[in-house]
Amino acid sequence: MADGVSRLFDEYAVAWRRGERPDARAYMERAGSGRAELAELIDAFLSRALVPAPDEETVALVEAWAAGEPPLLALRVRRGLRREAVVEALLAALGLASGKRAKVARYYHELESGLLDPAGVSRSVFEALGETLRARAADLQSWRPRPPEAVAAAFLRAAEPAAAKPAAPAPAQPKEEWDEIDELFRGARPA
Amino acid sequence: MHDARDAEDSRLLDAHDHAKLLATYYPVILERCRVRLRDPDAWEVAHAVVDRLLRELSRGKRYPVPFRVVVHKVIDWKIKEHFAGGSGETLPEEWDAPGPDAYAEFEERFDLGRLFARLPERDGEVMRLRYLDLLEPAEVAALLGISANAVHQALWRGHQALRESAGG
């Protein structure tokens, strides 16, 4: 095992044990050709390490997901933010012109409602959302609504009222020119 | 080393506080999936793990091993299922068999403290002080009366043992 892999693992393991939630992917990128070795080491460590108690946000996100509610929507409601406020924050954080507000609002609505695949959404969008919603960008990126069939098959605190319901799909929009907003929310321009 | 966690998990199971129980493990589920898979596969498999656990908990299933062991076994199975392209692999039937000693092997694989105890004494002590007590390498060296280089070498051997144990 390369010395660099050992050092990176040490850094990661100590950060995890301190409850800092390090991102393994960043460490694996730094490992270069030692990526596979480091991945094995981190996986072996994580399957044995102590896990800390969860924070309230993670519990709320799991509750929302289990109940079939969009986690991003549940987190926004929990923060007491209106969707318009989140859209304004996105425009500011991403340096977008106010003329793009409607398009950003439409994409954010789709993302929040689970109508847009988060895989295509830029990391910078999630980082801006993380700042606004006071959550980890990497966690926001991972959440998407639970499939309805899974919700129907399980229950979790079923007697409690839902905190928020997913919004209805946005109406279809006329065809627009592909621009930086599309790239931020859908990735590269389709061929 | 997991006694307090296991006791809290048992309390959450008894209270049917499944959200808090799963939220406890969500970060490690997601992180293990990210280590083994690329996004977005990692997210999908992580949520498949949580969904599987939630369904079982909702049905009132109880496990003969600590819940953390179940979590890690389900992660392993779901990742294996992902690579195999299969679907619906179930927990082995023997998980429901009586006899707590039958599960010692599983527990052995999911406890850092037990792994450290199996290492040569000095290496195990260095690993314990570094990753359980969170001492700096210089502090470990001073406490054990050994050189910084000896600590570094013990950590390297410990890491090697940890990695080799992964297939365990």
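Predicted, not measured: the structure shown is a model, and the values here were computed from it. To find a chain, count down the sequence lines: A is the first, B the second, and so on, and within it residues start at 1.
Using a 4.5 Å cut-off between heavy atoms, B:Leu30 touches chain A through its side chain atoms alone. Interface residue B:Arg5: only side-chain heavy atoms are found under 4.5 Å from chain A. With a 4.5 Å cut-off on non-hydrogen atoms, B:Glu136 touches chain A through its side chain but not through its backbone.
Of all residues spanning residues 119-132 of chain B, those with a heavy atom less than 4.5 Å away from chain A's heavy atoms are B:Arg130, B:Tyr131, B:Leu132, arranged by number. Close approach to chain B, defined as a heavy atom under 4.5 Å from one of its heavy atoms, is seen in A:Glu37, A:Ala39, A:Glu40, A:Leu41, A:Ile42, A:Asp43, A:Ala44 of residues 36-44 of chain A, taken by number.
Relative orientation of the A:Tyr12 and A:Trp16 rings is parallel, given thresholds of 30° and 60° on the angle between their planes.
Chain A forms the most heavy-atom pairs under 4.5 Å with one residue out of B:Glu8, B:His47, B:His152, and that residue is B:His47. The candidate with the highest count of non-hydrogen atom pairs below 4.5 Å against chain A, out of B:Ala4, B:Pro27, B:Gly113, is B:Pro27. For the set B:Leu21, B:Leu155, B:Val50, the count of heavy-atom pairs under 4.5 angstrom toward chain A peaks at B:Val50. Ranked by non-hydrogen atom pairs under 4.5 Å with chain A, the options B:Ala23, B:Gly158, B:Pro137, B:Ala42 are led by B:Ala23.
At most 12 heavy atoms of other shown residues, nucleotides or ligands fall within 6.0 angstrom of atom CD in A:Glu131.
Shortest non-hydrogen contact noted between A:Tyr108 and A:Phe185 is N-CE2, 4.2 Å.
For the pair B:His2 and B:Pro66, the minimum side-chain heavy-atom distance is 4.5 Å or more.
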